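Here is the structure we will look at, set down as structure tokens.
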Amino acid sequence: MPELPEVETVRRGLADRLTGRTLVRLDVHDPKLVSRSAIPPASLIGGRVTDVARRGKWILCRMQDLYLVLHMRMSGQLLFDTDTARPPRASLHFDDGTRLDFVDQRRFGELLVWEQLDVGLLDARLGPEADTIRVDDLRRCLASRRGRLKAALCNQAVLAGIGNMYADEILWRARLASDRPAGSLDSTESRRLARAIRRVLGEALAAGGTTTRDGLYVTSEGDPGRFTMHLDVYQRDGEPCPRCGTPVERVKQGGVSVYWCPGCQS
DNA sequence: CAATTGACCTGCAGGC
DNA sequence: TGCCTGCAGGTCAATT
């Protein structure tokens with residue numbers, strides 16, 4: 001599922017190909033994709049892409065006074081000029097002939113048109129960007145939280161960009177158990193966690209993200225992510241922990257799977 | 001205010 | 001073979 005490294009990889013792909021381009025045609029094949037947009041998507045036609053930014057898992061394409069806002073949710077793919085097996089939910093055509101398709105098996109993704117004001121509102125409901133988090137900011141984010149550490153890491157209002165897969169990888173790297181109360185970390189553990197967040201997300205981004213066995217994540221050029229082989233615990237239940245050899249366990253916590261090593265995470 | 005739960009979706013795996 | 005159930009999880013709204 002697209003988390004910060006995947007969304008950032010896609011953002012870079014879009015920035016490369018779309019900056020300076022003008023949208024000449026927009027075909028929405030699935031109305032649900034745009035149903036939460038207060039401004040009709042057709043308003044973007046004739047607009048030129050001046051900048052492609054990212055906030056958490058949201059992609060924000062500035063098109064002069066409006067923003068094309070994209071969220072891939074579980075299975076969204078943004079693909080340039082590919083002939084996919086799956087029909088796109090929308091296709092965007094640009095002045096140089098480039099076509100960008102929004103393909104989305106599970107149909108949770110969204111395409112929205114926002115004004116500057118709405119971008120500000122997004123900022124207010126997201127925590128700081130996870131990939132650059134520093135230990136003192138992290139402690140502020142987690143302080144006085146009584147819920148589970150993993151839930152806090154995955155909560156976009158606390159920290160923006162982490163999802164289920166990287167939360168497990170980060171917790172393994174930091175040698176922390178997912179069910180620890182978020183506010184219970186001492187200063188050593190907080191330092192370890194902040195470092196693990198930056199390291200895991202940074203390495204995953206450098207590898208162009210992670211394509212899991214569902215194969216749903218690919219870059220905007222259609223390439224799979226190369227971090228897959230570097231996963232230490234995610235979807236590796238039963239395999240020996242790379243650090244201590246204890247078999248990796250999979251448990252259910254708050255409705256989602258947690259992959260972790262009971263031998264070295266506490 | 002913080003935490004939890006259900007809803008939204010589709011494809012696929014597993015059981016019978 | 002075919003039907004059914006459960007599962008994958010990001011975000012939001014509603015509830016505790």
Side-chain angles (χ1 to χ4, degrees), chain A residues 1-11 29-38 54-60 69-78 84-90 102-112 114 118-119 121-127 129-130 140-171 178-184 201 204 209-218 225 228 231 233-238 249-260:
Chain A
M1 319 296 143
E3 303 179 33
L4 190 151
E6 290 76 30
V7 179
E8 176 62 17
T9 300
V10 171
R11 182 202 70 77
H29 304 109
D30 180 1
K32 180 181 181 284
L33 179 72
V34 302
S35 61
R36 289 211 312 146
S37 185
R54 178 189 57 77
R55 185 72 174 87
K57 300 170 189 171
W58 297 81
I59 291 175
L60 309 162
V69 178
L70 304 164
H71 199 300
M72 299 183 275
R73 285 281 178 34
M74 313 295 298
S75 59
Q77 300 172 325
L78 294 163
T84 60
R86 225 175 285 286
R89 302 181 71 193
F102 197 132
V103 178
D104 184 14
Q105 179 183 99
R106 266 134 102 174
R107 301 178 67 217
F108 280 165
E110 289 191 278
L111 187 159
L112 306 168
W114 284 357
D118 303 305
V119 177
L121 294 174
L122 176 68
D123 226 45
R125 64 177 209 253
L126 293 179
E129 289 295 312
R140 263 193 288 279
C141 292
L142 301 181
S144 78
R145 288 201 155 259
R146 287 152 16 176
R148 289 176 174 136
L149 181 55
K150 179 170 175 179
L153 290 182
C154 292
N155 184 341
Q156 304 303 295
V158 174
L159 204 56
I162 298 172
N164 195 52
M165 176 179 64
Y166 290 117
D168 284 354
E169 291 298 310
I170 287 163
L171 289 167
S178 68
D179 61 355
R180 284 280 296 275
S184 74
L201 297 181
T210 304
T211 299
T212 54
R213 51 171 160 256
D214 62 23
L216 287 177
Y217 164 71
V218 287
T228 318
L231 293 175
V233 286
Y234 184 73
Q235 291 186 343
R236 291 194 181 281
D237 44 318
E249 275 188 12
R250 173 188 176 176
V251 294
K252 212 76 173 170
Q253 194 179 283
V256 294
S257 290
V258 176
Y259 298 89
W260 74 301

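Within every chain, numbering begins at 1; the chains are lettered A, B, ... in the order of the sequence lines, protein sequences first and strands thereafter. Model, not experiment: these values are computed from the prediction.
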Would you say a side-chain N or O of [X] is under 4.0 Å from OP1 or OP2 of [N]?
{"X": "A:Q105", "N": "B:dC9", "answer": "no"}
{"X": "A:R73", "N": "C:dT11", "answer": "no"}
{"X": "A:R86", "N": "B:dG11", "answer": "yes"}

For the pair [X] (side chain) and [Y] (backbone), establish whether a donor and an acceptor sit closer than 3.5 Å, ignoring hydrogens and angles.
{"X": "A:K57", "Y": "A:I162", "value": "yes"}
{"X": "A:E110", "Y": "A:M72", "value": "no"}
{"X": "A:D168", "Y": "A:Y234", "value": "no"}

Specify the separation, in whole Å, of atom [atom1] of [X] and atom [atom2] of [N].
{"X": "A:M74", "N": "C:dG10", "atom1": "CE", "atom2": "C1'", "answer": "6 Å"}
{"X": "A:Q156", "N": "C:dT11", "atom1": "CD", "atom2": "P", "answer": "4 Å"}
{"X": "A:R107", "N": "C:dG10", "atom1": "CZ", "atom2": "C1'", "answer": "17 Å"}
{"X": "A:D104", "N": "B:dT10", "atom1": "CG", "atom2": "P", "answer": "10 Å"}
{"X": "A:Q77", "N": "B:dG11", "atom1": "CD", "atom2": "P", "answer": "13 Å"}
{"X": "A:L70", "N": "C:dG10", "atom1": "CG", "atom2": "C1'", "answer": "15 Å"}
{"X": "A:D30", "N": "B:dC8", "atom1": "CG", "atom2": "P", "answer": "15 Å"}
{"X": "A:N155", "N": "B:dA2", "atom1": "CG", "atom2": "C1'", "answer": "10 Å"}

Given [options], the nucleotide with the shortest approach to the side chain of [X]:
{"X": "A:R36", "options": "B:dT10, C:dG10, C:dC12", "answer": "C:dC12"}
{"X": "A:E3", "options": "B:dT10, C:dG10, C:dT11", "answer": "C:dG10"}
{"X": "A:N164", "options": "C:dG10, B:dA3, C:dT11", "answer": "C:dG10"}

Tell me what [X] touches on the nucleic acid: a base, only sugar-phosphate, or nothing, going by heavy atoms under 4.0 Å.
{"X": "A:T212", "value": "nothing"}
{"X": "A:R125", "value": "sugar-phosphate"}
{"X": "A:Y259", "value": "nothing"}
{"X": "A:M1", "value": "sugar-phosphate"}
{"X": "A:E110", "value": "nothing"}

Inset, instruction - Tell me which of A:H71 and A:G255 sits closer to the 5' end of DNA chain C, going by the nucleotide each one is nearest to. - result: A:G255
Legend entry - Salt-bridge criterion met for A:D104 and A:R89 (N-O under 4.0 Å): yes
Inset, instruction - Please report the C-alpha distance between A:S178 and A:Q253 in whole Å, then the side-chain angles of each, then the deciding distance to 0.1 Å, and finally whether the side-chain hydrogen bond (donor to acceptor under 3.5 Å, both in side chains) criterion is met. - result: CA-CA 9 Å; A:S178 68; A:Q253 194 179 283; 3.0 Å; yes
